Engineer: 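One structure, pasted below without further comment.
Model, not experiment: these values are computed from the prediction. Order of the sequence lines sets the chain letters (A, B, ...), proteins ahead of strands, with each chain counted from 1.
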Number of protein chains: 2
Amino acid sequence: MAFVKDQSAGYLANHIARLFARGLAARIKPLGLTTGTFPALLELWEKDGLTQKDLVARLDIEQATMANTLARMERDGLIVRRKDASDGRKQRVWLTERARGLQGPAIEAAIAENADALSGLTEEERRQFVSLMRKVIETSKPEETPHQPGGAIISG
Amino acid sequence: MAFVKDQSAGYLANHIARLFARGLAARIKPLGLTTGTFPALLELWEKDGLTQKDLVARLDIEQATMANTLARMERDGLIVRRKDASDGRKQRVWLTERARGLQGPAIEAAIAENADALSGLTEEERRQFVSLMRKVIETSKPEETPHQPGGAIISG
DNA sequence: AACATATCCATAGCAGGCTATTTAACATTG
DNA sequence: CAATGTTAAATAGCCTGCTATGGATATGTT
């Protein structure tokens, strides 16, 4: 049974993700941020007033995970949550001034971490790496009907 | 501030790792295994009687994380821990029969998950992907003195 | 209007990762 | 040998992820 961990994509992916997370965590700790808030912050910096459901739809994160993350973010003064006026089930998420002020430094930190982590690759290799990761992520997307290369035949 | 998450290696790495973990978790759940035990099991299938410290040295995992993982593994009947005869601080880790019996199916599951996750890539792309991940991991290895390209000059 | 259903979010409980600290055993040294 | 230091593992406490379940608010149907 040939299984060499250093040739297993899953094993390596896990390892790499931990390396990135450690690195980024160290860089944003001085900002009072943790890694888990990053995805939500990126969406909210782009457009806030989103509902939790909107965030879940944009990020491949479970609803419960997002609920917990948002709770920590609110506790830490990054967001406030207010009920939607016309639908009491929805909680709209708004950034605080503090969170807005962190956009620049936080993104700088992420860019620096990426640069460092990829510093052993050539420019071409970095492009390949990112492109391959995107392709792998695309592969495991059942939501969208896989686009039919030949066209036509779908089901009778 | 140009930061596009789908072009950020760290972001993508995190996403990919979660996809692999979800997939593998589903496959090994019927075996009564969880993903966190995998690295330790791979080492122990190779050679058991290792100490916790040995495992930590072989895997890029913190000591406390390993201690917790081993505790769960013992609870679940995958390993037993016995004090080293000549050094009472060391706990040697031994696989149970149950854990030995799981080697085949568990590795099959991992191979299947890798195959599925990479099914959107060509053979050549898969090789590239694995090789690039290895390179990135190598980059963040401070432990080993970076091998001196020119030779000579190290410190006076 | 009442009841069933669907939707949105929160909560419970666990795995697995981390840092920091504690405990136990061994090693060193005055 | 006693004090001090070092090493191996365990524990505390947190964050981030998951599944499963519950609670509250709409929505639809009779």
Side-chain angles (χ1 to χ4, degrees), chain A residues 10-11 13-29 32-41 50-57 59-76 78-79 81-93, chain B residues 10-11 13-29 32-41 50-57 59-76 78-79 81-93:
Chain A
Y11 198 104
N14 172 271
H15 194 171
I16 282 204
R18 286 187 291 111
L19 291 172
F20 271 109
R22 284 182 204 161
L24 183 59
R27 289 177 199 270
I28 62 182
K29 191 175 184 176
L33 288 179
T34 57
T35 57
T37 64
F38 231 96
L41 283 173
L50 297 175
T51 66
Q52 187 184 116
K53 200 197 173 192
D54 293 334
L55 285 168
V56 165
L59 309 169
D60 184 10
I61 290 281
E62 290 301 318
Q63 175 267 322
T65 300
M66 184 55 68
N68 283 326
T69 300
L70 291 173
R72 288 196 308 278
M73 290 173 77
E74 187 155 40
R75 179 201 63 190
D76 296 342
L78 293 168
I79 57 163
R81 286 184 283 187
R82 285 200 304 268
K83 275 213 170 74
D84 184 287
S86 68
D87 186 340
R89 292 168 303 181
K90 296 183 184 168
Q91 287 268 45
R92 296 205 172 270
V93 178
Chain B
Y11 198 105
N14 170 271
H15 194 171
I16 281 203
R18 285 187 292 112
L19 291 173
F20 271 109
R22 283 182 205 161
L24 183 60
R27 288 177 200 271
I28 62 182
K29 191 174 186 179
L33 289 179
T34 56
T35 57
T37 65
F38 232 96
L41 283 174
L50 297 175
T51 65
Q52 187 184 117
K53 200 195 173 194
D54 293 334
L55 286 167
V56 165
L59 309 169
D60 184 10
I61 289 283
E62 290 302 317
Q63 175 267 322
T65 300
M66 184 55 68
N68 283 325
T69 300
L70 291 174
R72 288 196 307 276
M73 290 172 78
E74 188 156 39
R75 179 201 63 191
D76 297 341
L78 293 168
I79 57 163
R81 285 183 284 187
R82 285 200 304 269
K83 273 210 172 75
D84 183 286
S86 68
D87 186 340
R89 291 168 303 182
K90 295 183 184 169
Q91 288 267 45
R92 296 205 173 271
V93 178

Engineer: So do A:Asp76 and A:Thr37 actually touch side chain to side chain, heavy atoms under 4.5 Å?
Structural biologist: no
Engineer: Is B:Arg82 close enough to D:dA9 that one of its side-chain N or O atoms is under 4.0 Å from OP1 or OP2 there?
Structural biologist: no
Engineer: Just the rounded figure in Å: distance from C1' of C:dG13 to CZ of B:Arg75.
Structural biologist: 12 Å
Engineer: May I ask you to evaluate whether B:Arg22 reaches the phosphate of D:dC18, defined as a side-chain N or O under 4.0 Å from OP1 or OP2?
Structural biologist: yes
Engineer: If only side-chain N and O atoms of A:Thr34 are considered, is one of them under 4.0 Å from the OP1 or OP2 phosphate oxygen of D:dC14?
Structural biologist: no
Engineer: Hey, are the side chains of A:Arg92 and A:Asp54 touching, using non-hydrogen atoms and a 4.5 Å cut-off?
Structural biologist: yes
Engineer: Could you tell me how far apart B:Leu70 (CG) and C:dG17 (C1') are, to the nearest whole angstrom?
Structural biologist: 14 Å
Engineer: Could you give the CD-to-C1' distance, from A:Glu62 to C:dG13, as a whole number of Å?
Structural biologist: 16 Å
Engineer: With the sugar-phosphate defined as primed atoms, P, OP1 and OP2, and the base as all remaining atoms, what B/S/- string results for nucleotides 1-9 of chain C, 5' to 3', for protein heavy atoms under 4.0 Å?
Structural biologist: ------BSB
Engineer: CD1 of A:Ile16 versus P of C:dG17: gap in Å, rounded?
Structural biologist: 15 Å
Engineer: Below 4.5 Å, heavy atoms only, C-beta onward: do B:Val93 and B:Leu70 meet side chain to side chain?
Structural biologist: yes
Engineer: Okay, side chain of B:Arg18, backbone of A:Asp60: is any donor-acceptor separation there less than 3.5 Å?
Structural biologist: yes
Engineer: Please report the C-alpha distance between B:Gln91 and B:Lys83 in whole Å, then the side-chain angles of each, then the deciding distance to 0.1 Å, and finally whether the side chain to side chain contact (heavy atoms under 4.5 Å, CB included) criterion is met.
Structural biologist: CA-CA 4 Å; B:Gln91 288 267 45; B:Lys83 273 210 172 75; 4.1 Å; yes
Engineer: Would you mind reporting whether B:Leu33 and B:Leu78 have side-chain heavy atoms less than 4.5 Å apart?
Structural biologist: yes
Engineer: Rounded to whole Å, how long is the line connecting atom CZ of B:Phe20 with atom P of D:dC18?
Structural biologist: 16 Å
Engineer: Hey, does A:Arg72 reach any base, or is it just sugar-phosphate, or nothing, if we go heavy atoms under 4.0 Å?
Structural biologist: base
Engineer: Measure CZ/B:Arg27 against C1'/D:dC18 and give the value in whole Å, please.
Structural biologist: 18 Å
Engineer: Taking side chain as C-beta onward, heavy atoms only, is B:Phe38 less than 4.5 Å from A:Asn14?
Structural biologist: no
Engineer: Determine the contact category for A:Asn14: base if any of its heavy atoms lies under 4.0 Å from a base atom, sugar-phosphate if only primed atoms, P, OP1 or OP2 are that close, otherwise nothing.
Structural biologist: sugar-phosphate
Engineer: Rounded off to whole Å, could you give me the CG-to-C1' distance for the A:Asp60 and D:dT16 pair?
Structural biologist: 14 Å
Engineer: Heavy atoms under 4.0 Å, any strand shown: does B:Ala64 hit a base, just sugar-phosphate, or nothing?
Structural biologist: base
Engineer: Can you tell me the distance, in whole Å, between the CG atom of A:Leu55 and the P atom of C:dA10?
Structural biologist: 12 Å
Engineer: So what does A:Thr35 hit on the nucleic acid, given a heavy-atom distance under 4.0 Å: a base, only sugar-phosphate, or nothing?
Structural biologist: sugar-phosphate
Engineer: Under 4.0 Å from OP1 or OP2 of C:dG16: is there any side-chain N or O of B:Thr69 that close?
Structural biologist: no
